[in-house]
Peer 1: 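For reference, the structure I am asking about is given below.
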Amino acid sequence: PNIGRALRVDSSVAVRAAAAAALGGVKADDAVLVAKDLTDALNAEKESRVRKEIALAIGRYPQVSKIAVTALTDALADPDPATRAAVAEA
């Protein structure tokens, strides 16, 4: 829960990016538990670097990708090509 909170509200871009990467490392069985944190963060995040990390985390878990389809579709318009690629892969 604290990692999900850090992803959503921490003021540091580096902390939010690290939190997204950490959530991308949870066991597959636990991925659904962090799906809302990842989806909400992808919708709200302003920094492309963090959105890319969130998309990479989401893409590691097919069940989370299904939950996050709307957020991922919206993120395809990201101005950063690397972020768009990560979103498309997810």
Side-chain angles (χ1 to χ4, degrees):
N2 290 336
I3 296 173
R5 185 181 189 305
L7 176 62
R8 292 186 320 274
V9 300
D10 199 279
S11 62
S12 168
V13 172
V15 169
R16 293 193 313 273
L23 290 175
V26 300
K27 291 190 275 184
D29 294 342
D30 295 333
V32 173
L33 301 175
V34 299
K36 181 169 177 20
D37 288 326
L38 290 167
T39 302
D40 289 350
L42 185 60
N43 282 327
E45 183 58 52
K46 303 286 187 240
E47 295 289 331
S48 287
R49 172 179 156 200
V50 180
R51 284 193 303 271
K52 178 182 161 196
E53 288 298 327
I54 295 167
L56 291 171
I58 290 171
R60 290 186 180 103
Y61 310 106
Q63 67 272 37
V64 177
S65 293
K66 290 177 185 174
I67 294 168
V69 163
T70 302
L72 290 167
T73 302
D74 293 344
L76 285 170
D78 196 282
D80 178 56
T83 300
R84 286 194 309 268
V87 168
E89 293 271 328

Peer 1: Search all heavy atoms of L38 against all heavy atoms of I54 and return the closest pair with its distance.
Peer 2: O-CG2, 3.4 Å
Peer 1: Are the side chains of L7 and I3 in contact, using a 4.5 Å heavy-atom criterion?
Peer 2: no
Peer 1: Would you say L42 ends up clustered with V13 if hydrophobic residues are merged whenever their side chains have heavy atoms under 4.5 Å apart, either directly or through other cluster members?
Peer 2: yes
Peer 1: Can you name the salt bridge (Lys or Arg N to Asp or Glu O under 4.0 Å) partners of E45, sequence neighbours left out?
Peer 2: R16
Peer 1: For A14, give me all partners under side chain to side chain contact (heavy atoms under 4.5 Å, CB included), at least two apart in sequence or on another chain.
Peer 2: S12, R49
Peer 1: By salt bridge (Lys or Arg N to Asp or Glu O under 4.0 Å), which residues pair with D10, not counting sequence neighbours?
Peer 2: none
Peer 1: When the side chains of residues 75-90 are checked against the rest of the protein, which donor-acceptor pairs come out under 3.5 Å, sequence neighbours left out?
Peer 2:
unit_1: D78; atom_1: OD1; unit_2: S48; atom_2: OG; d: 2.9
unit_1: D78; atom_1: OD1; unit_2: D80; atom_2: N; d: 2.8
unit_1: D78; atom_1: OD2; unit_2: R51; atom_2: NE; d: 2.3
unit_1: D78; atom_1: OD2; unit_2: R51; atom_2: NH2; d: 2.5
unit_1: D80; atom_1: OD2; unit_2: T83; atom_2: N; d: 3.0
unit_1: D80; atom_1: OD2; unit_2: T83; atom_2: OG1; d: 2.8
unit_1: T83; atom_1: OG1; unit_2: S48; atom_2: O; d: 3.0
unit_1: R84; atom_1: NH1; unit_2: D78; atom_2: O; d: 2.7
unit_1: R84; atom_1: NH1; unit_2: P79; atom_2: O; d: 3.1

Peer 1: Apply salt bridge (Lys or Arg N to Asp or Glu O under 4.0 Å) to K66 and list each qualifying residue two or more places apart in sequence or on a separate chain.
Peer 2: none
Peer 1: Identify the two heavy atoms, one from I58 and one from S65, that lie closest to each other, and give their separation to 0.1 Å.
Peer 2: O-OG, 3.2 Å
Peer 1: Contact between I67 and Q63 at the side-chain level, heavy atoms closer than 4.5 Å - yes or no?
Peer 2: no
Peer 1: Can you name the closest pair of heavy atoms from V50 and A17 and give their distance?
Peer 2: CG2-N, 4.0 Å
Peer 1: Of the options V32, V34, D40, which is the one that meets K36 in a side chain to side chain contact (heavy atoms under 4.5 Å, CB included)?
Peer 2: D40
Peer 1: Show me the side-chain donor-acceptor pairs of residues 23-31 shorter than 3.5 Å, one per line, residues at least two apart or across chains.
Peer 2:
none

